[in-house]
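All remarks here apply to the structure that follows.
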Amino acid sequence: METNRTCFRSGVRDGIPIALGYFAVAFTLGIAARNAGFSAVQAMIESLTNNASAGEYAVFALASAGAGYWEVAVMTLVANARYLLMSCALSQKLAPDTPLRHRMLVAYDVTDEIFGISIAVPGRLNPWYTYGAVSVAIPGWGLGTFLGVVVGNALPARLVSALSVGLYGMFIAIIVPPARKSRLIAALVLISFAASFVAGSWSLLAGVSSGAKTIALTVAISLAAALLFPVKDGEEAQA
């Protein structure tokens, strides 16, 4: 039986590639944070407490648009809702007698990548494995955001504007692979683009904040897709 120390070391080993990937993504988020008026320390703290690319970008985008606290909170909840399901699935990997403090610490950083390597552990999951992965992944995310702001403040405005495009490239890289595999996902992406354009240019919605529009569209499109095109258990297992 592996000890806690051995599991922690295994988590660190498997978490190093994740940390490197997080650093690159978080750097572009740092540029977005800088454009939204965040200092390097503020952006780093935000990254350490909200380790999620989509949710974090939503925070910076809404803050840049002057959204209120409630809009930011609700949008972050919507953007990160999938982690609730991941946490439920991951809790089944833990031993039934796992103390509550360990369950809460594991839930603190359930990201796509951390969830992936944790759920793939054979048998029961030792929380110390996840702790090892998180111990390198979170610093990579926070440091990348911090340096993104620092570099953004030091570089010329035109170059910062060019680097900001990298964040959109990140989201393109996220949506293109699944869209190529599924016509339904591709159609939903196009519908989202069109609905966002209409909501932003429709005069009747001029008095509605961009944050409220984003929240409404996200919930409406996701709910409609879930009701009209539910994923069957067999299809989910093959995916």
Side-chain angles (χ1 to χ4, degrees), residues 1-33 40-60 76-77 79-149 166-167 169-171 173-175 177-178 236-237 239:
M1 182 177 180
E2 291 184 317
T3 63
N4 291 341
R5 178 177 296 182
T6 303
C7 290
F8 184 86
R9 290 176 177 174
S10 298
V12 171
R13 179 199 62 205
D14 295 342
I16 289 176
I18 296 176
L20 296 176
Y22 279 178
F23 179 86
V25 173
F27 186 88
T28 60
L29 284 172
I31 297 294
V41 174
Q42 289 172 334
M44 181 178 66
I45 293 175
E46 204 279 342
S47 281
L48 295 177
T49 54
N50 182 21
N51 190 195
S53 57
E56 195 167 342
Y57 175 72
V59 171
F60 295 144
T76 303
L77 177 63
N80 294 338
R82 70 185 186 280
Y83 297 128
L84 297 175
L85 301 178
M86 292 183 186
S87 296
C88 292
L90 196 58
S91 69
Q92 303 305 306
K93 285 283 292 183
L94 300 172
D97 59 347
T98 302
L100 178 61
R101 65 180 183 276
H102 285 298
R103 293 180 181 272
M104 295 181 69
L105 288 173
V106 168
Y108 164 65
D109 198 42
V110 178
T111 64
D112 298 336
E113 296 76 16
I114 299 298
F115 171 80
I117 63 174
S118 296
I119 205 72
V121 171
R124 292 293 184 181
L125 172 65
N126 186 323
W128 287 94
Y129 173 84
T130 303
Y131 297 160
V134 170
S135 69
V136 291
I138 287 184
W141 192 268
L143 181 61
T145 309
F146 179 88
L147 292 180
V149 177
L167 190 62
M170 178 192 72
F171 281 103
I174 292 174
I175 64 176
E236 188 175 8

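All residue numbers in this chain count up from 1 along the given sequence.
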What is the distance from atom CG of Leu147 to atom CD1 of Ile31, rounded to the nearest 0.5 Å?
-> 10.0 Å
If you look at every heavy atom in Leu94 and Arg124, which pair is closest and at what distance?
-> O-NH1, 2.9 Å
Report the distance from atom CE of Met44 to atom OG1 of Thr49, rounding to the nearest 0.5 Å.
-> 10.5 Å
Val149 and Ala43: which non-hydrogen atoms are nearest, and at how many Å?
-> CG2-CB, 3.7 Å
Answer whether the closest heavy-atom distance between the side chains of Glu46 and Thr145 falls below 4.5 Å.
-> no
Is there any side-chain hydrogen bond (donor to acceptor under 3.5 Å, both in side chains) pair reaching into residues 7-19, and which pairs are they, with sequence neighbours excluded?
-> Asp14-Tyr129
Taken in chain and number order and not counting sequence neighbours, the residues that satisfy side chain to side chain contact (heavy atoms under 4.5 Å, CB included) with Ala133 are Ile114, Ile117
Kindly write out the residues that satisfy side chain to side chain contact (heavy atoms under 4.5 Å, CB included) with Glu113, not counting sequence neighbours, or none if the list is empty.
-> Ile18, Tyr22, Thr111
In this structure, CG of Leu90 is separated from CZ of Arg103 (nearest 0.5 Å) by 10.0 Å
Name all residues meeting the side chain to side chain contact (heavy atoms under 4.5 Å, CB included) criterion together with Tyr131; count only those two or more places apart in sequence or in a different chain, and write none if there are none.
-> Phe8, His102, Leu105, Val106, Pro127, Trp128
Under 3.5 Å, is there a donor-acceptor pair between the side chain of Ser118 and the main chain of Phe115?
-> no
Would you call Val25 and Trp141 a side-chain contact if the rule is heavy atoms closer than 4.5 Å?
-> yes
Applying ring-ring contact (aromatic ring centres under 6.0 Å, His included) to Phe146 and not counting sequence neighbours gives none
Roughly how far, to the nearest 0.5 Å, is CG of Asn50 from CD1 of Ile45?
-> 13.5 Å
Which value, rounded to the nearest 0.5 Å, describes the distance between Asn4 atom CG and Asn126 atom CG?
-> 5.0 Å
Go through the structure and list residues passing side chain to side chain contact (heavy atoms under 4.5 Å, CB included) with Ala19, not counting sequence neighbours.
-> Val136
